[in-house]
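Below is one structure, written out as structure tokens, with a few remarks after it.
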Amino acid sequence: MSDPTILAQQTNDPSFDSVWEEINWRGLVHVSTDETELKALLDGGPITYYCGFDPTAPSLHLGNLVQLLLMRRLQLAGHHPLGLVGGSTGLIGDPRPTAERTLTPTDTVAEWVGYLQAQVSRFLSSEGDNAVTLVNNLDWTSPLSAIDFLREIGKYYRVGTMLKKDAVSARLNSEAGISYTEFSYQILQGLDYLELFRSYGCVLQTGGSDQWGNLTSGTDLIRRAESGTVHAIGTPLITNSDGTKFGKSEGNAVWLDPNLTSPYAFYQFWLNTDDADVVFRLKVFTFLTRPEIDRFAELVENEPFRREAQRRLALEVTSLVHGQAATDAAIHAAEALFGQGDLAELDPDTLEAALRELPNTTTAPHATVLQLLVDTELSKSLGDARRAVQQGGVYLNNEKVTSVDLTIEGSVLPGGVAVLRRGKKTLAGIFVE
RNA sequence: GGCGAGUUACCCAAGCGGCCAAAGGGAUCUGACUGUAAAUCAGACGGCGUAGCCUUCGUGAGUUCGAACCUCGCACUCGCCA
């Protein structure tokens, strides 16, 4: 899945005096503990830091990628990363501001832990003095009895403080309320930091700014239990400038697992980035240097229609996550399908390869376009498909479909394929038997 | 345990016996304009064999010619009291 040569190519931008300055320029520090101390720490000798990922799904998503890349930048600066996958915290559930989570079965969580560990390890080097160390908080939480937990950890926590955490107070003020299970989450995360501080000398935790309450839970606990001063960095929540949620494509999360989000769809997601967001995305999600990004900022300003910045962003992030070969395939598919030429004149092998990148289905020649829209998940029901055709939003081989009764007979391209499109850019491949 | 408020489509939220497949907003989808952008305007947005039928308004029973709306039980959520 990952391309080991990609890790080897990554570097921090040498034009910065320090990694602290670089991550600030990239906009990765939204909140942190004392900046002066943190800067000194990061610019000094190697430290150990950690970031946790909870197994709430079988794959990490784009929000997690922000953390992984921040970790990688710190590793490139010589520091030692601990990649924590939350085998225990995943069983409890981090309180979301809106509603209580449904508990995931324990064996499912265990399975997901394995998937996430594999993903985390792909983004961090396992070579050299500061190779990544993978840890699982189930290892130290599981042996802990309820009595020990309450006596040794619980005593350091004040309920008043716990209630003030954003996630908790939001829930208390909502109709959803909060269970004791989720209320306890912050203690478990604090315990993780304490454990890693003791075992590895870990002195920095990173996470999303929405996790700030959980991050400070750990720094406070370490101060109380060990009189230690440790640090935390909260990265900004990535949002779209139009106010919609970042990291959603067609209403679904964009996953790092190619089986959940195809490299083609992943590439398209980045290619469709708004002008207003693209420069910030280059800073956060790529290893391009400041001069390179400045140049793209000018291109967005002066020649936005060429979409150079979006193309480069999509290329960089897709190859980072899916490797060069998959990225090339995604680009070739896009060029073939969005090109100006007649689809029938494309080389059949090229076209077929492109369609393999898309959601696709195999069918008999008499199949109706409506049924194919449903089969390829371009539409969620026949009624939805019918409406799409009536609204003039469906194209077969780039020709607008005008009848709801149309079958693909007569529209099959050389090589026994057809291209079904909904709207401007949602495509699916049809293979005719 | 007691009292009160609540549970409506992806989310928020109106509806309080027939004109309810259910207002409004958001999200989403499509069209026009474009640059596979944004903004704007327009349309769509439970399902189906689409001018009709079917299944929905926490859940189960009931009243009624007729219930999202009334009654009773149950579950869950929130608040106050104990």
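So that the names make sense, note that chain A is the first sequence line, chain B the second, and so on, each numbered from 1. What you see is a predicted model, and the numbers here were worked out from it, not measured in a lab.
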Review point. With centres under 5.5 Å and planes under 30°, do A:Phe338 and B:rU36 count as stacked?
Key: yes

Check your understanding: What distance, rounded to whole Å, do you find between the two P atoms, one in B:rC69 and one in B:rC57?
Key -> 9 Å

Review point. Rounded to whole angstrom units, what separation is found between the CZ atom of A:Phe246 and the P atom of B:rA27?
Key: 18 Å

Practice item. Report, as a single string ordered 5' to 3', how protein heavy atoms within less than 4.0 Å touch nucleotides 37-44 of chain B: B base, S sugar-phosphate only, - not at all. Key: BSS---BS

Review point. Under the 3.5 angstrom rule, does the side chain of A:Thr407 hit a backbone N or O of A:His366 as a donor-acceptor pair?
Key: no

Check your understanding: Considering every strand shown, what is the Watson-Crick or G-U wobble mate of B:rC3 when both distances are under 3.5 Å?
Key -> B:rG79

Check your understanding: Mapping A:Arg171 and A:Tyr264 to their closest nucleotides on RNA chain B, which lands nearer the 5' end?
Key -> A:Tyr264

Check your understanding: Where along residues 365-378 of chain A does a heavy atom come under 4.0 Å from RNA chain B, residue by residue in number order?
Key -> none

**Study point:** Inter-nucleotide P distance (B:rG46, B:rG2), Å rounded
**Key:** 42 Å

Exercise for review: Starting at atom CG of A:Leu313, determine the distance to atom P of B:rG35, rounded to an integer number of angstrom.
Suggested key: 21 Å

Study note, to complete from the structure: Paired to B:rA37 by Watson-Crick or G-U wobble criteria (both distances under 3.5 Å) is none

Exercise for review: Flag the pair A:Phe285 / A:Phe246 as yes when their ring centroid distance falls below 6.0 Å, and as no otherwise.
Suggested key: yes

Review point. Who is the Watson-Crick or G-U wobble partner of B:rC16, with both distances under 3.5 Å?
Key: none

Practice item. Any strand is fair game: report the nucleotide pairing with B:rG49 by Watson-Crick or G-U wobble, both distances under 3.5 Å, or none. Key: none

Exercise for review: Working to the nearest 0.5 Å, report the span between CG of A:Leu370 and OG of A:Ser381.
Suggested key: 10.0 Å

Practice item. For B:rC72 and B:rC80, measure between their P atoms and round to the nearest Å. Key: 26 Å

Practice item. Ignoring backbone atoms, test whether A:Thr426 places a side-chain nitrogen or oxygen under 4.0 Å from the OP1 or OP2 oxygen of B:rC29. Key: no

Review point. Distance between the P atoms of B:rC54 and B:rG66, in whole angstroms?
Key: 16 Å

Check your understanding: What interatomic distance, in whole Å, is found between P of B:rG47 and the corresponding atom of B:rU56?
Key -> 15 Å

Exercise for review: Could you check A:Lys39 against A:Glu35 for salt bridge (Lys or Arg N to Asp or Glu O under 4.0 Å), going step by step and ending with a plain yes or no?
Suggested key: CA-CA 6 Å; A:Lys39 180 177 189 314; A:Glu35 287 185 21; over 6 Å; no

Point to revise | Crowding at CG, A:Asn24 (>12 non-hydrogen neighbours, <6.0 Å) | key: yes

Review point. Within 45 degrees of the axis of the six-membered ring of A:Phe16 and under 6.0 Å from its centre: does A:Arg290 put its NZ or CZ there?
Key: yes

Check your understanding: Looking only at side-chain N and O atoms, does A:Tyr395 come under 4.0 Å of OP1 or OP2 in B:rG31?
Key -> yes

Practice item. Considering only atom C1', compute the distance from B:rA5 to B:rG58 and round it to an integer number of Å. Key: 16 Å

Review point. B:rU50 C1' sits how many Å from A:Gln390 CD, rounded?
Key: 8 Å

Exercise for review: Give a yes/no verdict on a cation-pi contact between A:Arg356 and A:Phe431, requiring under 6.0 Å between NZ or CZ and the six-membered ring centre and an angle within 45° of the axis.
Suggested key: yes

Exercise for review: Would you kindly give the CG-to-P distance between A:Asp405 and B:rU50, to the nearest whole Å?
Suggested key: 9 Å

Check your understanding: With a non-hydrogen cut-off below 4.0 angstrom, is A:Gly423 in contact with a base, only sugar-phosphate, or nothing?
Key -> sugar-phosphate

Review point. Which is it for A:Tyr157 and A:Tyr185 under the ring-ring contact (aromatic ring centres under 6.0 Å, His included) test, yes or no, and what are the steps along the way?
Key: CA-CA 12 Å; A:Tyr157 279 87; A:Tyr185 184 92; over 10 Å; no

**Study point:** Atom-pair distance (CZ on A:Arg421; P on B:rU36), nearest Å
**Key:** 11 Å

Practice item. Begin with the C-alpha distance, continue with both residues' side-chain angles, and end with the deciding distance and a verdict on salt bridge (Lys or Arg N to Asp or Glu O under 4.0 Å) for A:Glu292 and A:Arg295. Key: CA-CA 5 Å; A:Glu292 289 172 310; A:Arg295 191 175 68 81; over 6 Å; no

Check your understanding: Partner of B:rU63 by Watson-Crick or G-U wobble geometry, both contacts under 3.5 Å, or none?
Key -> none

Practice item. Grab the NZ-P distance between A:Lys380 and B:rC45 for me, whole Å please. Key: 10 Å

Check your understanding: Any side-chain heavy atom of A:Leu163 within less than 4.5 Å of one from A:Phe183?
Key -> yes

Review point. Looking only at atom C1', what distance separates B:rG26 and B:rC74, rounded to whole Å?
Key: 34 Å

Review point. If we take the P atom in both B:rG1 and B:rC12, what is their distance in whole Å?
Key: 29 Å

Study note, to complete from the structure: If pairing means Watson-Crick or G-U wobble with both distances under 3.5 Å, then the partner of B:rA68 is none

Point to revise | Pairing partner of B:rC74 (Watson-Crick or G-U wobble, both distances under 3.5 Å) | key: B:rG58

Point to revise | Test ring-ring contact (aromatic ring centres under 6.0 Å, His included) applied to A:Phe266 and A:Trp255, step by step | key: CA-CA 8 Å; A:Phe266 191 88; A:Trp255 302 102; over 10 Å; no

Practice item. Could you tell me which nucleotide pairs with B:rU28 by Watson-Crick or G-U wobble geometry, both distances under 3.5 Å, or answer none if nothing does? Key: B:rA44

Check your understanding: Between A:Leu382 (CG) and B:rC29 (P), how many Å, whole number?
Key -> 20 Å

Review point. Taking NZ from A:Lys400 and P from B:rU30, how many angstroms apart are they, rounded to a whole number?
Key: 13 Å

Check your understanding: For A:Asp384 and A:Ile178, take the nucleotide of RNA chain B holding the closest heavy atom to each; which residue's nucleotide lies nearer the 5' end?
Key -> A:Asp384

Practice item. Would you indicate, yes or no, if B:rG35 has its OP1 or OP2 atom less than 4.0 angstrom from a side-chain nitrogen or oxygen of A:Arg306? Key: no

Point to revise | Axial cation check for A:Tyr156 ring with A:Arg224, 6.0 Å and 45° limits | key: no

